[in-house]
Participant: 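So that we are looking at the same thing, I have put the structure below in structure tokens.
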There are 2 protein chains.
Amino acid sequence: MLEHSCIKININFSFMHKKIRIIDIAKMAGVSKGTVDRVMHNRGNVSDSARIAIEKVLEKVNYKPNIHVSAISLKSRYKIIVTTPEVSPGAYWESIHNGIRHALEEYENVRVELQVFTYNQYDVYSCRETYEKIAAFEMDALIIGPTFNEETVNLCKKMDEREIPYIFVDSAIEDTSPLAFFSADHYVCGYMMAKLITSIIPDHANIAIFQAVRTGDRSANSTILRKKGFTDYLEKNRCTNLILSIPFSVTAPEDNEMYLSRLFRSQRDIPAIVVLNSRGYFIANYLATNHIKGVKMVCMDLTTANIKALKKGQIDYLIGQEPEYQGFYAMKTLLEYLIFKKTVTKKNYVQLDILTRENIDFYKNFNNIMY
Amino acid sequence: MLEHSCIKININFSFMHKKIRIIDIAKMAGVSKGTVDRVMHNRGNVSDSARIAIEKVLEKVNYKPNIHVSAISLKSRYKIIVTTPEVSPGAYWESIHNGIRHALEEYENVRVELQVFTYNQYDVYSCRETYEKIAAFEMDALIIGPTFNEETVNLCKKMDEREIPYIFVDSAIEDTSPLAFFSADHYVCGYMMAKLITSIIPDHANIAIFQAVRTGDRSANSTILRKKGFTDYLEKNRCTNLILSIPFSVTAPEDNEMYLSRLFRSQRDIPAIVVLNSRGYFIANYLATNHIKGVKMVCMDLTTANIKALKKGQIDYLIGQEPEYQGFYAMKTLLEYLIFKKTVTKKNYVQLDILTRENIDFYKNFNNIMY
DNA sequence: TGTAATTTAGTGCTCGAGCACAGTTGTATA
DNA sequence: TATACAACTGTGCTCGAGCACTAAATTACA
């Protein structure tokens with residue numbers, strides 16, 4: 001008979017797990033719990049002797065406040081502004097807003113007055129005007145879902161002057177000093193998309209990239225980075241695929257079908273399309289209605305429309321960037337910074353989920369995880 | 001100038017968000033909060049008239065208990081047993097145990113006496129003996145990480161007789177009636193692995209499968225399902241790849257290198273290896289030390305060793321099955337069932353994460369998500 | 001040295017669900 | 001009608017962090 005083990009571990013939480021409370025620290029330091037609280041939250045009005053005694057105890061013990069009790073006993077009031085591109089149902093930005101809302105629900109005792117300002121992400125003038133309005137407002141903090149570089153830098157400068165903390169979601173902007181950002185690594189994202197698309201098409205096959213055209217001839221920050229990652233992968237791996245660009249107009253959507261049909265007329269063989277924004281479903285639908293088959297597709301974002309196309313087999317790989325998680329942690333981080341003066345991790349890169357028609361049914365967005 | 005919008009939404013939580021408390025329901029129904037509590041937790045000792053009045057109010061309002069308050073005001077005591085294959089550091093089962101522990105931390109006020117029994121997953125006798133010990137114990141509930149079908153069915157029968165609820169993690173066993181299970185859909189998992197491996201190798205290329213040999217000639221439940229999914233994919237898509245089996249012995253590990261070298265001697269061209277258990281790193285290391293290059297690999301589980309091999313580029317795709325999530329929700333579900341008599345969703349399939357060397361650095365296991 | 005101003009420390013209330021215990025009905029039986 | 005016993009219901013305490021309010025100690029200054 002073989003050797004075998006049978007480990008028996010007794011974890012009796014009533015004995016072990018003696019969790020340290022604020023009052024325990026107070027007793028150890030020979031002060032009252034009020035004083036401990038003042039030291040831990042930097043509220044001042046504490047003598048040096050008391051402060052040092054408490055700090056010594058804090059070094060020794062590993063105090064972790066009971067988050068549940070914290071959440072119910074808060075009484076603060078804050079005014080927070082959120083600005084992002086416009087929100088449409090089932091789409092990317094809605095998920096970010098959902099995440100933000102969930103964070104507020106977690107701290108339901110905190111009175112937060114939330115103001116949401118949206119702008120047209122394809123129109124720099126809309127963004128500029130919205131940002132000007134925001135700059136004039138009173139607030140305790142700001143969450144920014146940025147698109148245009150220059151405008152965002154300007155807004156951030158004003159916030160810096162007024163010493164108002166701000167956090168980025170979706171992507172971070174250079175030359176600003178945010179409290180933190182929550183975003184995907186867009187460069188790696190593009191790099192990975194290149195790897196995925198080239199793995200499922202023949203060498204030297206053509207690849208078309210679908211890209212939005214913006215007012216003022218400027219692309220969104222994230223798209224630029226993704227494209228850089230994409231081309232860098234091809235270069236690094238000595239891929240000789242021909243890259244075609246498909247323009248995509250938001251202001252004149254009637255032109256888009258034309259762009260596509262022009263492409264498919266001029267190029268006989270387009271075995272692969274990569275969409276660096278969340279409009280993958282648009283091309284998937286075009287291909288389906290025009291009975292164009294055998295085109296491999298790698299697209300971004302788990303929007304309702306994209307998921308549908310993935311399940312139908314029109315899209316091969318869909319990349320998710322956890323928008324609910326981004327929104328949730330942006331707001332959570334902000335609140336904990338404002339309330340508890342908690343130290344903040346500045347750079348926060350979210351997961352890049354790879355979804356296929358096989359594993360999409362098991363995908364849990366952050367909503368499911370939380371409740 | 002283009003049209004653009006600037007939506008301003010005021011979400012003032014002090015006005016809106018009037019959250020309904022237990023005492024509000026009591027007032028509406030004209031009873032005391034104690035009675036409402038009794039109705040909601042099915043504790044009995046309530047007159048029909050009071051019960052009906054409260055149930056009517058509950059239908060109208062959308063009451064959600066404040067989870068934070070719930071967590072701090074519990075006073076129950078429970079004895080729970082966990083049985084899984086042996087745990088080794090950085091490996092699959094450790095993650096499941098971590099998840100279980102985290103759930104206990106979330107309900108730190110509940111006094112849980114936890115007993116862990118592990119068995120050798122490659123030795124049916126070890127399992128049998130461990131299960132016999134467990135069957136004799138007193139407990140309020142049981143969490144099972146099963147391997148052997150027959151033995152598990154026997155244990156479950158005894159639990160059914162004693163009316164002790166049990167939950168499966170990792171995989172569910174047929175002919176049992178668990179309270180719930182948390183596992184990946186192993187069939188789909190194998191199916192997806194077949195899709196991934198065939199997408200990165202030439203048609204008709206050979207594929208080797210690495211499989212453990214068990215005492216009593218029986219494979220683990222999950223591995224059987226994965227293999228079924230794997231072969232079904234190949235059949236369905238008319239793949240003509242030749243499938244080779246590599247045996248893998250745990251009892252005589254010195255034989256494994258021999259098995260591998262024998263394979264690579266007999267077959268000149270093995271461009272792909274699929275590992276349906278979490279030992280992918282073992283083959284990756286063999287290939288590396290023997291300077292065998294160009295072999296594509298798809299493996300299971302985000303163990304420390306596998307992640308290392310993925311980052312080095314030895315493994316191409318690694319499939320994760322959220323072990324922390326499984327453990328966490330198994331214990332959480334159990335506690336909420338015992339304490340609150342909460343209704344339980346029986347079938348719970350976890351996410352199948354696809355990891356590559358590009359997105360592995362951003363992967364958050366459940367530990368990170370929670371804290 | 002006495003009084004006001006200021007700093008520092010401590011006490012006690014808040015949040016809401018859970019739950020033990022006391023208190024109040026109603027019904028049955030001597 | 002008195003008493004026992006059940007069935008039911010309401011009251012009040014618990015958990016621990018936050019924070020307001022009060023009390024005490026210290027300093028400032030006439």
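Computed over heavy atoms, backbone and side chain alike; hydrogens, waters and symmetry mates excluded. Chain A is the first sequence line, chain B the second, and so forth, proteins listed ahead of strands; every chain is numbered from 1. Keep in mind that this is a model prediction, so the values were computed, not measured.
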Participant: Would A:R51 and A:D48 pass as an ion pair if we require N to O under 4.0 Å?
Facilitator: yes

Participant: If you find the nucleotide of DNA chain C closest to A:S73 and the one closest to B:D37, which residue's nucleotide is nearer the 5' end?
Facilitator: A:S73

Participant: A:I22 or B:G44: which one's nearest nucleotide on DNA chain D is closer to the 5' end?
Facilitator: B:G44

Participant: Measure from CG on A:N45 to C1' on D:dT27 and round the result to the nearest Å.
Facilitator: 15 Å

Participant: Looking at every strand, decide which applies to A:A50 at a 4.0 Å heavy-atom threshold: base, sugar-phosphate, or nothing.
Facilitator: sugar-phosphate

Participant: Between C1' on D:dC8 and CD1 on B:I52, what's the gap in Å once rounded to a whole number?
Facilitator: 15 Å

Participant: Does the ring of B:F182 carry B:K332 above it, NZ/CZ under 6.0 angstrom from centre and within 45° of its axis?
Facilitator: no

Participant: Would you kindly give the CG-to-C1' distance between A:N109 and D:dC19, to the nearest whole Å?
Facilitator: 13 Å

Participant: Donor-acceptor pair, A:N348 side chain versus A:K346 backbone, under 3.5 Å?
Facilitator: yes

Participant: Quick check: are there more than 12 heavy atoms from other residues, nucleotides or ligands sitting under 6.0 Å from CD1 of B:I52?
Facilitator: yes

Participant: Please compare B:R38 and B:F340 by the position of their nearest nucleotide in DNA chain C and report the one closer to 5'.
Facilitator: B:F340

Participant: Are any non-hydrogen side-chain atoms of B:K158 and B:I134 less than 4.5 angstrom apart?
Facilitator: no

Participant: What is the first contacted nucleotide of DNA chain C and what is the last, in 5' to 3' order, if contact means an atom lying under 4.0 angstrom from a heavy atom of chain B?
Facilitator: C:dG16 to C:dC19

Participant: Could you tell me the separation between the CG atom of A:D48 and the C1' atom of D:dT27, rounded to a whole number of Å?
Facilitator: 15 Å

Participant: Within a reach of under 6.0 Å around OH of B:Y337, are more than 12 heavy atoms found that belong to other residues, nucleotides or ligands?
Facilitator: no

Participant: Give A:H68 one of three labels, base, sugar-phosphate or nothing, depending on what nucleic acid heavy atoms sit under 4.0 Å from its own.
Facilitator: nothing

